[in-house]
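Working notes for the structure below.
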2 protein chains.
Amino acid sequence: MSAQIETPAKTGPSEDEVLRQIEQAVLDHRLPPGTKLKEVQLATLFGVKRGLIRKVLTRLAHSRLVDQTPNRGASVAKPSVKEGQDLFATRRIIESAILETLITQIDSKIIRHLRKLLEREQRAYQRGDSETALALSVDFHRQLAALAGNSVLDEYLNDIIRRTPLVILTHLGDDEQNRCRNQEHAAIIDALEQGDVKKAVKVMQQHLLHIENKIQHKPETRQADLATLLRPQSEQTLA
Amino acid sequence: MSAQIETPAKTGPSEDEVLRQIEQAVLDHRLPPGTKLKEVQLATLFGVKRGLIRKVLTRLAHSRLVDQTPNRGASVAKPSVKEGQDLFATRRIIESAILETLITQIDSKIIRHLRKLLEREQRAYQRGDSETALALSVDFHRQLAALAGNSVLDEYLNDIIRRTPLVILTHLGDDEQNRCRNQEHAAIIDALEQGDVKKAVKVMQQHLLHIENKIQHKPETRQADLATLLRPQSEQTLA
DNA sequence: TACTAAAATATTGTTAACAATTTAATAATC
DNA sequence: GATTATTAAATTGTTAACAATATTTTAGTA
């Protein structure tokens with residue numbers, strides 16, 4: 001392989017790409033709540049200008065993933081207990097509505113699609129790949145929202161999903177116990193297949209309450225290394 | 001009073017103030033969908049720098065109140081029929097959930113507060129002040145959301161409320177017929193007072209469906225210019 | 001006139017330099 | 001040593017100048 005002498009004017013990632021990568025890092029628990037997001041550091045890390053980062057941070061703050069204080073910069077948001085409770089309560093409402101919307105258009109193809117996703121999730125879990133398992137369990141909820149076909153509900157659920165890790169890490173800690181149990185995902189698929197919405201909704205409610213009920217007072221939080229952002233790009237395999 | 005010779009370095013409105021004013025203008029039907037939002041024009045209008053406006057437009061686009069196309073600037077969003085339907089369907093879900101949350105904490109004080117608001121709305125309507133009437137009827141829904149006490153539900157309802165005029169003006173037109181009927185607001189208060197959530201929810205559903213059902217195929221005032229039609233594949237921002 | 005091409009204008013996008021502020025480091029005082 | 005001042009460094013915030021692109025106007029041609 002030949003050495004590259006001249007720097008080839010590498011064009012960095014776009015604004016949306018940077019945004020997505022930071023969102024993904026939060027989702028993957030690589031960026032814990034409270035992490036300071038310094039502009040020059042991010043700019044060099046992503047290979048973009050500071051102005052780009054600045055704009056992205058503004059957008060992230062607008063959707064409450066980031067806290068911005070004048071003259072003191074941005075950091076990954078740390079939702080209050082109240083906000084966490086409200087978020088989960090709303091999540092139950094939205095996810096129930098998604099199931100009720102989805103049931104009207106369930107067919108065997110959708111069921112197969114969901115089972116396939118679930119299978120991958122289970123396999124990842126069984127082989128101890130908890131990182132992939134987490135991503136796939138998030139995907140399960142996302143797929144339900146997308147399949148329901150209501151773009152606004154989809155939008156809102158995705159907003160909630162992005163903010164959920166912040167609540168869990170702030171108030172519960174990064175523990176296997178605080179994640180989706182995939183046998184409940186299985187039960188939801190079963191109920192959908194049977195056309196039993198009420199049951200599907202009930203399981204979903206319990207599924208979410210399982211975590212929600214734990215939200216009380218916080219344990220600890222530490223500052224994370226921004227360089228973890230360089231590691232990532234683990235392709236979140238999405239069908 | 002002495003004449004002021006020197007220009008006193010008037011400090012313009014803040015970023016948030018500019019944002020709110022534009023949002024309010026949309027809410028008041030003063031800024032119809034499709035209106036071009038030119039940066040310098042807005043900057044001089046508000047007495048701020050262009051950079052400020054630029055940031056505000058980014059935020060407005062992030063919450064789908066504004067459409068932004070690279071190199072062609074921003075304009076007030078024109079939601080599609082599909083988006084309009086999804087928005088209204090979601091609104092029914094959210095407002096119902098708000099009523100169900102609110103009912104657990106209803107007391108005579110809240111009822112009095114709502115009736116007072118309703119009275120002002122009715123008076124404004126009766127004296128032909130349709131601008132105030134519109135604002136107050138919006139306030140009715142907003143107050144319900146605020147009183148329910150779930151900050152995320154509140155956030156989402158406000159998001160929907162801000163986007164609703166865009167749907168109505170794009171697909172129905174600025175007509176008295178396409179507004180809240182305040183006798184239905186009255187019926188909702190009555191049901192809440194009686195502690196009858198089911199009835200309150202039912203009235204709310206009808207209330208919203210009254211407008212929602214009209215959304216069909218657009219009377220489309222859009223003058224299709226050839227340049228836009230010939231432009232290859234506008235990038236669809238996927239949620 | 002109707003159409004095309006070219007120039008002029010207007011508008012958005014980007015950048016680097018600088019200002020303002022906060023944070024960290026060092027020195028001074030008790 | 002602990003606490004407060006003082007200085008230095010780092011970080012965020014702002015701006016004006018310029019570049020890139022789009023739009024309008026004008027001129028040219030059949």
Side-chain angles (χ1 to χ4, degrees), chain A residues 7-19 22 31 34-62 64-78 221-227 229, chain B residues 7-19 22 31 34-62 65-78 222-235 237:
Chain A
T7 309
K10 200 197 307 184
T11 165
S14 74
E15 181 181 327
D16 285 336
E17 283 175 294
V18 173
L19 183 85
I22 294 178
L31 270 183
T35 308
K36 199 89 200 336
L37 299 171
K38 299 184 186 177
E39 298 179 355
V40 288
Q41 195 177 358
L42 286 173
T44 53
L45 208 57
F46 283 106
V48 299
K49 299 289 181 203
R50 190 159 69 98
L52 198 310
I53 295 295
R54 203 149 232 282
K55 217 160 141 192
V56 168
L57 289 176
T58 302
R59 290 174 62 184
L60 287 169
H62 198 72
R64 297 183 197 278
L65 241 60
V66 152
D67 281 338
Q68 249 176 338
T69 354
N71 294 321
R72 330 185 96 213
S75 57
V76 179
K78 291 177 75 166
T221 341
R222 71 167 200 291
Q223 198 88 347
D225 176 21
L226 264 192
L229 274 178
Chain B
T7 309
K10 199 199 305 183
T11 164
S14 73
E15 182 181 326
D16 285 336
E17 282 176 293
V18 172
L19 183 84
I22 295 178
L31 270 184
T35 307
K36 198 89 200 339
L37 299 171
K38 298 184 188 177
E39 298 178 356
V40 287
Q41 194 178 357
L42 287 173
T44 53
L45 205 56
F46 283 107
V48 298
K49 299 290 181 206
R50 189 161 68 99
L52 200 308
I53 295 295
R54 200 151 234 281
K55 216 159 139 192
V56 169
L57 289 176
T58 302
R59 289 174 62 184
L60 287 169
H62 198 72
L65 240 62
V66 153
D67 281 339
Q68 248 177 338
T69 344
N71 293 321
R72 328 185 94 210
S75 57
V76 178
K78 292 178 77 166
R222 159 177 275 192
Q223 37 192 338
D225 71 319
L226 220 51
T228 308
L229 289 177
L230 292 181
R231 200 175 316 282
Q233 273 301 54
S234 65
E235 61 255 88
T237 49

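All values below were derived from every heavy atom in this structure, side-chain atoms included, with hydrogens, water molecules and symmetry-related copies excluded. For clarity, every value in this text was computed on a predicted model and none was experimentally measured. Throughout, a chain's letter reflects where its sequence line sits, starting with A, and its residues are numbered from 1.
- Between the NZ atom of Lys38(A) and the CG atom of Leu45(A) there is a distance of 13.0 Å, given to the nearest 0.5 Å.
- Side-chain contact check for Leu65(B) versus Val76(B): every heavy-atom pair is 4.5 Å or farther apart.
- Residue Ile53(B) is classed as having no contact, given no heavy-atom separation below 4.0 Å to the nucleic acid.
- Between Leu42(A) atom CG and dT11(D) atom P there is a gap of 12 Å when expressed in whole angstrom units.
- For DNA chain C, the contact window with chain B, defined by any atom under 4.0 Å from a protein heavy atom, covers dT11(C) to dT14(C) in 5' to 3' order.
- Contacts of Arg50(B) classified as side-chain contact (heavy atoms from CB on, under 4.5 Å), with partners at least two apart in sequence or in another chain: Glu39(B), Val40(B), Arg54(B).
- Distance check, rounded to the nearest 0.5 Å: OG1 of Thr35(A) to NZ of Lys78(A) gives 9.5 Å.
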Can you tabulate the close N/O pairs, meaning under 3.5 Å, that link protein atoms to atoms of nucleotides 19-21 of chain D?
from, atom 1, to, atom 2, distance (Å)
dT21(D), O3', Asn71(B), ND2, 3.3

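- The side-chain contact (heavy atoms from CB on, under 4.5 Å) check on Asp16(B) picks up Ser14(B), Arg59(B), with sequence neighbours excluded.
- Going from atom CG of Leu42(B) over to atom CG of Leu37(B) covers 5.5 Å, rounded to the nearest 0.5 Å.
- Applying the side-chain contact (heavy atoms from CB on, under 4.5 Å) test to Ala61(B) and every residue at least two apart in sequence or in another chain returns Val66(B), Gln68(B).
- For the side chain to side chain donor-acceptor pair (under 3.5 Å) test, no residue two or more places apart in sequence or in another chain qualifies with Thr44(A).
- Each of Arg72(A) and Gly51(A) was assigned the nucleotide of DNA chain C with the nearest heavy atom; the assignment lying further toward the 5' end belongs to Gly51(A).
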